2 protein chains.
Amino acid sequence: MTITIKEVAKAAGVAPSTVSRVIADHPSISEKTKQRVRAIMDELHYYPNYNARQLVNQRSKTVGIVLPEANDAFYQNPFFPTALRGINEAASRHQYSLLLSTGDDDISRLDHIKKMIYGKQVDGLIFLYATQNDPILSFVIDEQFPFVIIGNIDGIPMNSIDNDNIRVAKEATEYLWQQGYQRIAFIGGDEKQQFIQQRIKGVQQVLQVHHQPLSDADIYNGFPFLENEGYHIMKQIMKTNRYNGLVIGDQLVAQGVYHAILEYGLLNEYQLITFKPYEVYQNSDYIHYPYFNLHSQQLADRAMEILIEIISNKSDSKHERFVYELIAGDLVIP
Amino acid sequence: MTITIKEVAKAAGVAPSTVSRVIADHPSISEKTKQRVRAIMDELHYYPNYNARQLVNQRSKTVGIVLPEANDAFYQNPFFPTALRGINEAASRHQYSLLLSTGDDDISRLDHIKKMIYGKQVDGLIFLYATQNDPILSFVIDEQFPFVIIGNIDGIPMNSIDNDNIRVAKEATEYLWQQGYQRIAFIGGDEKQQFIQQRIKGVQQVLQVHHQPLSDADIYNGFPFLENEGYHIMKQIMKTNRYNGLVIGDQLVAQGVYHAILEYGLLNEYQLITFKPYEVYQNSDYIHYPYFNLHSQQLADRAMEILIEIISNKSDSKHERFVYELIAGDLVIP
DNA sequence: CTGAAAGCGCTTACAG
DNA sequence: CTGAAAGCGCTTACAG
């Protein structure tokens with residue numbers, strides 16, 4: 001049998017409402033009563049029923065994590081678990097629960113999100129991806145439901161957190177340039193991802209300054225962020241002998257590229273630089289190439305913090321106000 | 001204002017109980033009424049409140065995912081997102097929700113799990129790790145709360161799903177042996193993980209048969225499952241020149257090992273073989289070394305299926321009965 | 001400082 | 001085939 005507030009009340013010789021107030025640490029209850037009730041609660045192993053609490057409170061203290069349509073590139077990218085870790089930490093700090101979205105296709109995913117929201121299961125959402133024309137995103141914007149997106153979408157105001165992708169790409173490009181690698185290509189992947197567009201922009205801006213504009217032919221896109229894609233692209237590139245500096249938009253792709261270079265023994269011909277969600281090999285000589293640490297864990301942690309802030313402040317103003325935070329990246333040099 | 005069963009009832013000219021029965025597709029309600037009520041539900045965009053439903057039903061149709069204490073080796077290992085994907089798919093198929101456990105240390109993790117269970121937030125749990133003397137595991141065993149563990153723990157009966165680690169390790173070892181690589185070492189990592197012990201056993205069994213037993217000195221353990229650990233171990237090993245075949249217990253470690261070999265140009269000296277959660281590079285020549293595909297996604301999918309089965313059949317028998325499933329691994333050869 | 005009562009939005013015997 | 005009523009386990013005005 002499960003212990004409810006009633007049992008505790010009876011055992012403590014008080015009313016259920018008093019027990020409820022003790023749980024909430026309500027100031028109007030005397031210390032003596034509080035202590036007595038708490039002792040009973042411990043003794044009886046009382047735990048509040050969240051369903052009842054959430055029903056009456058009309059809020060759940062839980063956040064939904066919105067995943068994209070299932071695909072290898074997302075699930076294999078270290079960004080995903082790293083972000084989850086950050087969200088998890090922040091959730092734990094604030095005693096929030098985390099509900100995962102499910103569903104393969106757009107229909108079932110949207111359906112699940114609607115159930116979560118209308119069913120009062122979540123107070124807010126965190127999007128772990130940012131793609132244009134996403135039906136779920138459109139839906140929550142319409143509904144004005146609280147959410148934070150990791151990444152950004154041009155032209156639509158929303159709460160978001162992101163890396164300063166233009167900036168890190170600029171710094172990356174400048175680094176190659178300063179090192180003397182001045183025949184530069186950008187290897188991206190999925191060009192529909194905003195961050196790829198932004199990183200391209202960064203590279204372009206720097207090369208513009210150096211009067212050596214990046215042409216469209218120097219931008220490699222149109223493939224998923226996977227190691228073997230980078231590997232094959234690089235095998236093509238090596239044939240041309242056109243570049244010596246490579247800015248690579250994704251770290252898995254970079255790994256494939258690096259493998260190709262290593263296999264062909266051309267480490268001295270190419271310098272590559274990429275972007276990673278965390279610092280991979282501290283204090284180790286196992287480092288192959290420079291990269292920017294994007295601190296994805298902290299990024300996601302902040303996403304959660306921002307969301308909680310938004311949920312808590314809700315309804316206190318008529319005008320719209322959005323949070324847009326940028327997380328800096330650090331250059332890590334072998 | 002949110003639409004409840006009452007509003008629907010009023011609009012349809014029926015009682016709330018009738019609406020409830022329509023939602024449940026209760027056979028005693030006439031088709032006419034059902035259709036009328038459903039039309040109204042659509043029109044009004046009615047969505048059931050899950051908190052109310054779960055409160056009265058005393059079950060949540062949600063499963064808790066139990067994560068280990070936060071550490072790099074877990075979050076960086078591709079097993080984690082792969083397993084999550086499998087669980088997610090099965091959850092979606094069965095209309096189950098997924099709640100993530102949170103907390104850094106053992107205390108706060110156990111605390112959260114207790115809240116989940118006693119607070120009636122979850123009907124069952126899936127453990128994404130299997131370590132001896134885990135306080136959460138002990139707790140749920142004591143409570144007889146439904147759970148499935150991915151992996152296994154010797155000597156304690158519980159519902160579990162796992163790869164046949166001894167078998168894949170045997171096959172891996174036999175493969176090396178047949179290829180002529182007969183000076184064999186095992187590179188593990190975290191020897192407290194059951195699957196490492198099992199894989200060691202597999203290697204030992206095969207070498208025993210070939211009258212060339214694996215000595216303790218040929219087993220490398222005592223480090224986390226990370227690339228640079230494999231890299232450094234391998235650099236040590238290469239100095240000794242004692243082996244030509246390497247069975248590597250974890251794929252991240254294997255990657256580090258491979259890098260070391262590649263850097264030193266010793267690809268012809270060593271043959272390695274490892275175990276991966278998914279098939280990495282289908283139809284591609286970007287494959288470095290043979291490995292066993294452990295099908296972690298399907299494994300986790302099955303974990304969820306088994307759990308749902310257990311939850312549904314609960315209380316129908318007095319005697320204890322546990323499910324123990326093994327997923328086969330496939331050798332993938334470059 | 002504490003209690004009795006109403007209500008959150010559902011479901012499910014019990015009647016009819 | 002359908003409805004009125006009780007109840008799931010909480011919280012929170014309203015009294016006192």
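Remember, predicted model here, so these are calculated numbers, not experimental data. A note on names: the letters A, B, ... follow the listed sequences, proteins ahead of strands, and every chain is numbered from 1.
For A/F74 and A/Y129, the gap between ring centers reaches or exceeds 6.0 Å.
Counting non-hydrogen atoms of neighbouring residues, nucleotides and ligands closer than 6.0 angstrom, the CG atom of A/D142 exceeds 12 such neighbours. The environment of B/N133 atom CG is sparse: at most 12 non-hydrogen atoms of other residues, nucleotides or ligands sit within 6.0 angstrom.
A donor-acceptor distance shorter than 3.5 angstrom exists from the side chain of B/S30 to the backbone of B/T33, with no hydrogens or angles considered.
When the P atom of D/dT12 is taken as reference, atom NE2 of A/H26 falls 9 Å away, rounded to whole Å.
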Task: Test log, rule side chain to side chain contact (heavy atoms under 4.5 Å, CB included), inputs B/Q121 and B/S60 - done: CA-CA 6 Å; B/Q121 293 193 103; B/S60 58; 5.8 Å; no
Open item on the list: Run A/K120 and B/T2 through side chain to side chain contact (heavy atoms under 4.5 Å, CB included) and show every step you take.
Closed with: CA-CA 10 Å; A/K120 300 281 194 300; B/T2 108; 3.4 Å; yes
- [ ] Given side chain to side chain contact (heavy atoms under 4.5 Å, CB included), test B/I87 with B/L98 step by step and report yes or no.
- [x] CA-CA 9 Å; B/I87 293 173; B/L98 258 20; 3.9 Å; yes
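Ring geometry for A/Y47 versus B/Y118: interplanar angle of 30 to 60°, hence tilted.
For DNA chain C, each stem of at least three Watson-Crick or G-U pairs (distances under 3.5 Å) is given as range with range: C:1-3 with D:14-16, C:5-12 with D:5-12, C:14-16 with D:1-3.
Residues A/R85 and A/D301 are not paired through a salt bridge, judged by the lack of any N-O separation under 4.0 Å between the basic side chain and the carboxylate.
A cation-pi geometry, defined here as NZ or CZ lying under 6.0 Å from the six-membered ring centre and within 45° of its normal, holds between A/K114 and A/F139.
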Task: Summary of protein contacts for nucleotides 6-11 of chain C, nucleotide by nucleotide, where a base hit scores B, a sugar-phosphate-only hit scores S (4.0 Å, heavy atoms) - done: -BBBBB
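Of the residues in residues 28-44 of chain A, those with a non-hydrogen atom less than 4.0 angstrom from any atom of DNA chain C are A/S28, A/I29, A/S30, A/T33.
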